[in-house]
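Remarks on the structure that follows.
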There are 4 protein chains.
Amino acid sequence: MLNGEKHIPRPLRWAMIGGGRLSQVGYKHRSGALRDNTAYQMVASAFDIDATRGREFGVNLGLAPERCYDHYQQLLEEEAKRDDGVEVVSIATPNGTHYEITKAALNAGIHVICEKPLFFTSAEAQEIKALAEAKKLIVGVTYGFSGHPLLMQMRAMIANGEIGEVRMVELQYTHGFSANDSADKFSEAQKWRVDPKIAGPSFVLGDISTHTFYISQLVLPQLKVKSLLCDRQSFIPSRAPLEDNAMVLMHYDNGAVGRMWASSINAGSMDSQSIRIIGSRASLEWSDYNPGELKYEVQGQPNQLMHHGMPYLHESALADERLGALHTEGLAESWANIYLKFAIAISATQRGDQHTLDNLIYPDINAGLEGVRWIENCVRSADNGATWVNYQ
Amino acid sequence: MLNGEKHIPRPLRWAMIGGGRLSQVGYKHRSGALRDNTAYQMVASAFDIDATRGREFGVNLGLAPERCYDHYQQLLEEEAKRDDGVEVVSIATPNGTHYEITKAALNAGIHVICEKPLFFTSAEAQEIKALAEAKKLIVGVTYGFSGHPLLMQMRAMIANGEIGEVRMVELQYTHGFSANDSADKFSEAQKWRVDPKIAGPSFVLGDISTHTFYISQLVLPQLKVKSLLCDRQSFIPSRAPLEDNAMVLMHYDNGAVGRMWASSINAGSMDSQSIRIIGSRASLEWSDYNPGELKYEVQGQPNQLMHHGMPYLHESALADERLGALHTEGLAESWANIYLKFAIAISATQRGDQHTLDNLIYPDINAGLEGVRWIENCVRSADNGATWVNYQ
Amino acid sequence: MLNGEKHIPRPLRWAMIGGGRLSQVGYKHRSGALRDNTAYQMVASAFDIDATRGREFGVNLGLAPERCYDHYQQLLEEEAKRDDGVEVVSIATPNGTHYEITKAALNAGIHVICEKPLFFTSAEAQEIKALAEAKKLIVGVTYGFSGHPLLMQMRAMIANGEIGEVRMVELQYTHGFSANDSADKFSEAQKWRVDPKIAGPSFVLGDISTHTFYISQLVLPQLKVKSLLCDRQSFIPSRAPLEDNAMVLMHYDNGAVGRMWASSINAGSMDSQSIRIIGSRASLEWSDYNPGELKYEVQGQPNQLMHHGMPYLHESALADERLGALHTEGLAESWANIYLKFAIAISATQRGDQHTLDNLIYPDINAGLEGVRWIENCVRSADNGATWVNYQ
Amino acid sequence: MLNGEKHIPRPLRWAMIGGGRLSQVGYKHRSGALRDNTAYQMVASAFDIDATRGREFGVNLGLAPERCYDHYQQLLEEEAKRDDGVEVVSIATPNGTHYEITKAALNAGIHVICEKPLFFTSAEAQEIKALAEAKKLIVGVTYGFSGHPLLMQMRAMIANGEIGEVRMVELQYTHGFSANDSADKFSEAQKWRVDPKIAGPSFVLGDISTHTFYISQLVLPQLKVKSLLCDRQSFIPSRAPLEDNAMVLMHYDNGAVGRMWASSINAGSMDSQSIRIIGSRASLEWSDYNPGELKYEVQGQPNQLMHHGMPYLHESALADERLGALHTEGLAESWANIYLKFAIAISATQRGDQHTLDNLIYPDINAGLEGVRWIENCVRSADNGATWVNYQ
């Protein structure tokens with residue numbers, strides 16, 4: 001169980017790029033990074049495209065005004081001059097800037113934690129992966145739901161054969177907040193998401209389904225997609241070619257099949273993301289709506305409902321527990337868990353602790369790359385008339 | 001509200017073919033037909049391939065021994081000789097016999113109520129449809145879940161524009177009772193379902209998804225499938241070419257899209273069938289697990305949960321109510337409702353009451369034909385490598 | 001599993017007194033009694049205080065007009081003259097008439113099935129019990145929810161020690177349909193329920209909590225209430241002294257405690273009746289809202305959800321199954337189950353089959369008497385300032 | 001919406017007394033206080049009765065070793081000598097020490113945030129209240145569940161008449177973690193809870209029901225308990241006279257009634273705390289198991305389910321929102337919200353900002369006092385044979 005005690009020798013000096021006052025996700029980064037003040041200390045920022053608003057915001061969060069920079073280039077430049085300069089930056093800007101900022105940060109010798117989808121193309125991701133390896137720097141990706149402890153329980157139970165052989169993977173991340181186009185016009189947070197120049201080749205596939213796809217990889221590390229078919233729609237025509245709804249079928253290398261449904265037009269739906277893994281003797285199902293519950297359904301037996309924090313869980317699920325049974329954990333705990341793992345990875349890198357790196361499970365550059373590949377394959381299929389494509 | 005009072009001048013003389021002691025569905029037919037004793041009276045039977053067992057069973061249900069026949073041909077022949085012979089038969093035999101029995105009954109001037117899937121081919125269904133029309137006889141199809149009153153509520157709300165324009169149709173009928181192959185070997189009820197000679201061209205597509213597909217047509221009478229893609233699997237290899245899992249994508253003529261998932265290998269799942277209709281402003285969702293509940297989710301408003309029997313429902317939903325609010329209705333009420341409508345249709349036909357026939361909504365020969373077409377299109381797609389096919 | 005086959009040599013000749021066209025519960029009696037046509041045949045009636053309406057109703061249900069009587073006295077008198085006269089009557093009239101009709105029927109040598117609460121006083125119930133014993137006739141009481149199969153599962157699991165020693169009994173039957181007084185004025189079904197002359201000494205205690213109290217006795221036959229305290233309210237003042245809300249505390253003879261909440265002013269609540277039995281190692285919980293589910297919660301283990309019709313259930317729970325797993329059973333199946341047991345008891349009495357009578361579990365005259373005692377004790381406590389009274 | 005920006009001029013210098021490595025609640029205090037680093041900075045501690053363990057723990061959390069004190073007296077003494085000494089302490093020690101530590105801290109001029117139940121007697125609470133007023137210091141009480149935003153929604157809806165006149169208050173906080181006595185013997189956290197010398201006059205009434213009672217006062221500020229009756233049990237006899245189960249009935253001054261059930265022997269239950277307020281036209285229901293949901297059930301209308309973060313909520317509910325709709329908030333957000341309000345109150349006190357103090361709703365000394373009175377009245381009733389007592 002986690003209680004805030006340090007897992008690394010000292011907190012890392014951390015800065016945020018993007019994620020300012022108008023950003024909803026920015027607060028999740030800060031809540032995750034600063035949960036215990038033993039993994040990170042926030043020392044600098046370039047929060048906002050409006051530099052004045054960004055500086056005011058940073059000061060209101062307790063930053064020194066002189067370390068609230070106007071833009072990321074200035075941040076990298078000025079912090080490089082300091083002995084106590086930032087060691088790691090989090091990037092919470094619109095998709096279209098991830099690649100250049102990540103590259104610049106790595107080239108400045110700074111570790112990176114970046115929003116999903118990581119980049120526009122897997123070529124970019126491969127390039128950055130090589131750069132990070134050359135520089136011996138970490139790139140973490142904020143698949144922010146993936147830190148829920150019961151996902152480690154799913155992973156352990158599947159690995160232990162508790163559901164038998166995997167047959168089907170049922171994935172869903174849908175909501176209805178873009179059922180009409182009002183936000184497309186008036187919300188800063190939504191406008192760029194439906195603009196291919198800034199969002200990249202997809203809307204909901206990149207914006208939300210990458211989360212669920214990563215979770216499927218987290219709990220099923222042994223399974224690989226072999227081929228897929230994606231059918232995508234733009235129910236609000238002005239969003240085309242970007243999709244507000246997508247339905248994907250998958251074939252895995254072991255003979256299992258899968259489905260993904262990603263949507264922002266699922267009007268009225270409030271239970272957004274779920275994953276069900278069906279095996280030959282049982283199924284496991286989890287939803288981020290009630291992230292502290294895990295359904296374990298053995299064919300022919302009473303259905304079981306597992307709860308976070310209970311002693312019957314696997315060690316790996318209890319390791320990330322924070323509040324304990326009966327006490328509801330939410331999305332903030334999930335973010336805190338992945339941010340802690342980023343810190344452990346960065347610190348291990350700094351200290352050359354390869355053993356720790358080899359045993360740490362977290363959304364790294366490979367997870368980011370896989371997300372980009374997932375989008376690429378989906379878009380390729382969709383743009384080819386919703387036909388089957390080999391996963392590449 | 002229904003309370004058992006007669007809707008037709010006198011009960012119809014009814015017989016069952018199949019559905020004997022070992023049949024689970026047979027009891028649903030009897031519970032549906034005989035709910036109020038004002039729509040049908042059971043007067044004869046050919047319950048079983050084991051004639052002795054069938055006769056004993058019929059006698060135990062109160063039939064005269066001499067009207068418990070050895071096989072359906074004998075039933076049709078002998079009853080034809082009586083002044084008080086059967087007017088309508090229900091067919092609850094394995095799929096492969098539906099066509100011949102239905103044809104023989106119609107030719108004997110007897111109305112037919114038949115299990116789904118109706119026949120093996122749409123050509124057979126077209127032929128029988130023509131025969132029934134020529135003979136002025138009814139063919140009803142026991143889509144047994146389709147009589148739940150809240151489905152009429154869905155139909156009315158969609159027609160009234162309460163969800164806006166329809167965008168997506170999400171359908172599911174899955175369970176895990178065939179997750180392994182033990183029943184394939186030992187259960188009489190299961191053996192023939194995985195034998196193409198008796199089951200026809202599909203297993204789960206015909207056995208279960210036809211129910212859900214009909215429900216989608218019931219609530220969305222205005223929408224037509226334009227093209228579909230079906231990917232089917234036989235996780236128990238001995239079932240091939242029949243599928244125990246199928247995933248279908250659909251395109252509708254109005255631009256809406258849809259999905260169907262049919263499975264008998266969804267291990268541990270107990271909430272089998274659900275339908276969600278997503279419109280431009282709201283969604284409606286219903287499941288046969290809690291058939292007295294209907295979710296109405298308007299984007300941007302609190303989610304609503306409607307309950308059967310409540311005065312706020314549409315007249316058409318209250319017309320089929322039997323037990324009243326707070327009192328759980330189950331599958332037997334749904335069967336009773338469709339059986340009552342079959343009786344009203346048959347009686348109207350007998351009396352030449354075209355007005356009643358024109359205004360009655362129930363699973364008729366066209367619904368049966370559509371179910372067969374659904375299977376045919378799915379199988380054609382699946383056998384063509386899970387590719388898109390025009391719906392025909 | 002039940003499939004309609006006969007459990008007694010021939011159907012009993014049955015009549016209804018009350019429960020006519022305006023009665024919601026009348027249809028439940030008929031649905032229960034006539035489910036399979038192998039336990040009862042309806043041959044006569046005195047359905048309604050409006051004799052013309054009652055006769056028309058009876059004819060519409062298929063009765064011979066001459067056996068649709070004007071009132072119960074006429075029914076008893078005329079049927080006594082027939083060789084094929086009624087053997088058993090069901091009484092679904094307002095409470096205040098139960099005693100006189102039951103007495104008259106028994107004196108006419110006719111078995112009785114009567115609505116709850118059985119009578120106004122336990123003295124009346126004792127008198128009728130003696131009369132029934134003297135006449136060797138059955139008095140069954142329609143605790144209509146008590147036939148759900150999973151209640152037999154609860155009983156078996158508790159008897160087998162699967163929850164440990166019983167510590168607490170948590171009972172609830174509440175709804176909000178009398179939150180205001182409009183029905184008191186305009187609904188025939190509600191008016192008499194708040195009139196002490198017709199309803200007796202209680203409203204919700206008698207009208208609804210007797211159901212739940214009987215269920216607690218069904219699943220906990222070994223436990224006896226030792227003392228109780230009842231606090232009752234009339235939130236609609238015109239209902240006083242009859243309560244529309246009551247809260248009861250109980251002490252059992254083994255040291256266990258209990259609570260009951262009965263209410264008709266629980267505004268907006270639609271999940272009316274539930275029972276939770278807490279033992280030293282586990283709890284069992286059941287609700288009539290989802291009567292096919294049973295929660296089994298062992299402390300320190302994943303919560304379990306059991307489903308009706310599954311092979312893992314106790315034999316006694318499967319014996320009353322009708323539709324099978326995945327197929328929703330509702331209140332009508334529960335009524336059919338208790339009506340079948342009434343028929344088995346009556347037939348066994350007729351045939352002098354004491355063994356069957358000794359092993360049959362159903363709501364008999366003792367269960368009816370206990371319900372009246374429950375109300376008496378509650379009212380005595382409430383009228384004494386909501387103080388503890390010894391249960392007597 | 002809260003995003004971490006400062007609400008007070010500078011973070012308060014804060015220390016913890018108790019709540020060290022073995023304490024589960026200690027981490028909740030830290031997660032609450034340090035959520036945003038703009039309300040508090042942790043500068044000192046006396047974490048543990050084992051001083052060495054406590055110091056090591058404090059250092060691991062980032063404290064300076066010299067400010068990790070051996071015991072609270074030392075902390076108060078040494079910090080008083082510093083210009084940058086602590087301004088506010090949180091007390092997370094066993095109940096029996098709350099009074100003396102609070103008194104000492106106030107006398108040292110330090111604001112106090114203290115665990116529930118605040119003290120053993122209301123006389124102590126009255127004394128401390130007078131002392132705090134005299135010293136112009138804040139005493140906050142960590143009713144840690146009371147910061148969930150939807151509780152403010154309940155308060156606003158009730159105040160606006162959206163449920164009509166309040167009739168019944170249904171309260172529950174139960175779990176099964178003390179169903180047996182193993183933890184009584186082996187768990188440090190449990191041992192003292194069943195020892196009257198350290199726990200005070202109650203176990204579950206104080207330990208858990210005070211949370212729910214405070215929530216009832218938060219949402220119903222206008223209602224006062226007039227009289228109550230408490231029946232308590234010690235199912236594990238060694239716990240006597242402290243109860244592991246208690247059932248309370250209440251009468252309110254407006255004629256409403258209420259119930260509370262507190263239990264630690266509700267075997268297997270995982271959905272611990274719930275509150276339902278029943279009005280003359282509608283009910284509101286909330287549970288900490290799904291704290292982002294609020295049920296609004298208007299009699300005669302579809303049931304409504306409200307979700308946190310949605311624009312249709314009242315301003316006061318949105319003011320405390322942190323993560324936004326679709327993103328699960330848990331107990332940590334609730335703690336952060338009340339800790340922020342404590343900080344705002346303390347800062348306002350320091351700055352003499354009476355307007356802020358007058359308009360701030362949070363669990364203050366009066367809320368702590370009411371919790372102690374609640375226990376006193378319950379115990380008085382229980383010890384008097386579970387009889388009605390006037391609330392005093």
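Predicted model only: the values in this text are computed from it and were never measured. Residue numbers begin at 1 in each chain, while the letters A, B, ... track the order of the sequences.
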query = Charged N to carboxylate O below 4.0 Å: is that the case for B:K116 and B:D207?
reply = yes
request  = Identify whether the distance between the nearest side-chain nitrogen and carboxylate oxygen of C:E188 and C:R193 falls below 4.0 Å.
outcome  = no
Side chain to side chain contact (heavy atoms under 4.5 Å, CB included) assessment of B:R322 paired with B:E329 = CA-CA 8 Å; B:R322 290 173 180 265; B:E329 295 197 342; 3.5 Å; yes
ask   = Who among C:D288, C:L326, C:L61, C:N290 has the most heavy-atom pairs with chain B under 4.5 Å?
value = C:L326
inquiry  = Using a 4.5 angstrom heavy-atom cutoff, name the option from B:V59, B:L331, B:N3 with the most pairs to chain C.
reply    = B:N3
Best-contacting candidate, C:R21, C:M270, C:E5, against chain B by heavy atom pairs under 4.5 angstrom = C:E5
note = chain C shares the most heavy-atom pairs under 4.5 Å, among B:G26, B:G324, B:G144, B:A332, with B:A332
ask   = Which class fits the ring pair B:Y339 and B:W335: parallel under 30°, tilted 30 to 60°, perpendicular over 60°?
value = parallel
Best-contacting candidate, B:A325, B:G4, B:S272, against chain C by heavy atom pairs under 4.5 angstrom = B:G4
ask   = Taking C-beta and beyond as the side chain, do C:L205 and C:M260 meet within less than 4.5 Å on heavy atoms?
value = no
note = chain C shares the most heavy-atom pairs under 4.5 Å, among B:A336, B:G62, B:P291, with B:P291
remark   = Within residues 28-40 of chain C, the residues sitting under 4.5 Å from chain B by heavy atom, in sequence order, are C:K28, C:R30, C:S31, C:L34, C:R35, C:D36, C:N37, C:T38
request  = For each of B:H307, B:E293, B:M310, tally heavy-atom pairs with chain C at distances under 4.5 Å, and name the one with the top tally.
outcome  = B:H307
request  = Let me know if B:M42 has heavy atoms under 4.5 Å from chain C in its side chain, its backbone, both or neither.
outcome  = neither
query = If you count heavy-atom pairs under 4.5 Å between each of C:L323, C:V25, C:L2 and chain B, which one has the most?
reply = C:L323
note = Cut-off 4.5 Å, heavy atoms of chain B, and the answer for C:S334 is neither
query = Once the angle between the rings of C:Y173 and C:F145 is folded into 0 to 90°, is it parallel (under 30°), tilted (30 to 60°) or perpendicular (over 60°)?
reply = perpendicular
message = Determine whether B:H148 and B:W286 satisfy the following criterion, side chain to side chain contact (heavy atoms under 4.5 Å, CB included), listing intermediate values before the conclusion.
response = CA-CA 10 Å; B:H148 284 294; B:W286 178 87; 3.5 Å; yes
key: side-chain contact (heavy atoms from CB on, under 4.5 Å) partners of B:A319, counting only residues at least two apart   = none
Side chain, backbone, both or neither of C:F177 within contact of chain B (heavy atoms, under 4.5 Å) = side chain
ask   = What orientation do B:Y143 and B:Y214 show, parallel under 30°, tilted 30 to 60°, or perpendicular over 60°?
value = parallel
request  = Could you tell me whether the side chain of C:V43 reaches within less than 4.5 Å of the side chain of C:R67, counting heavy atoms only?
outcome  = yes
query = Does a salt bridge link C:R53 with C:E56, judged by any charged N lying under 4.0 Å from a carboxylate O?
reply = no
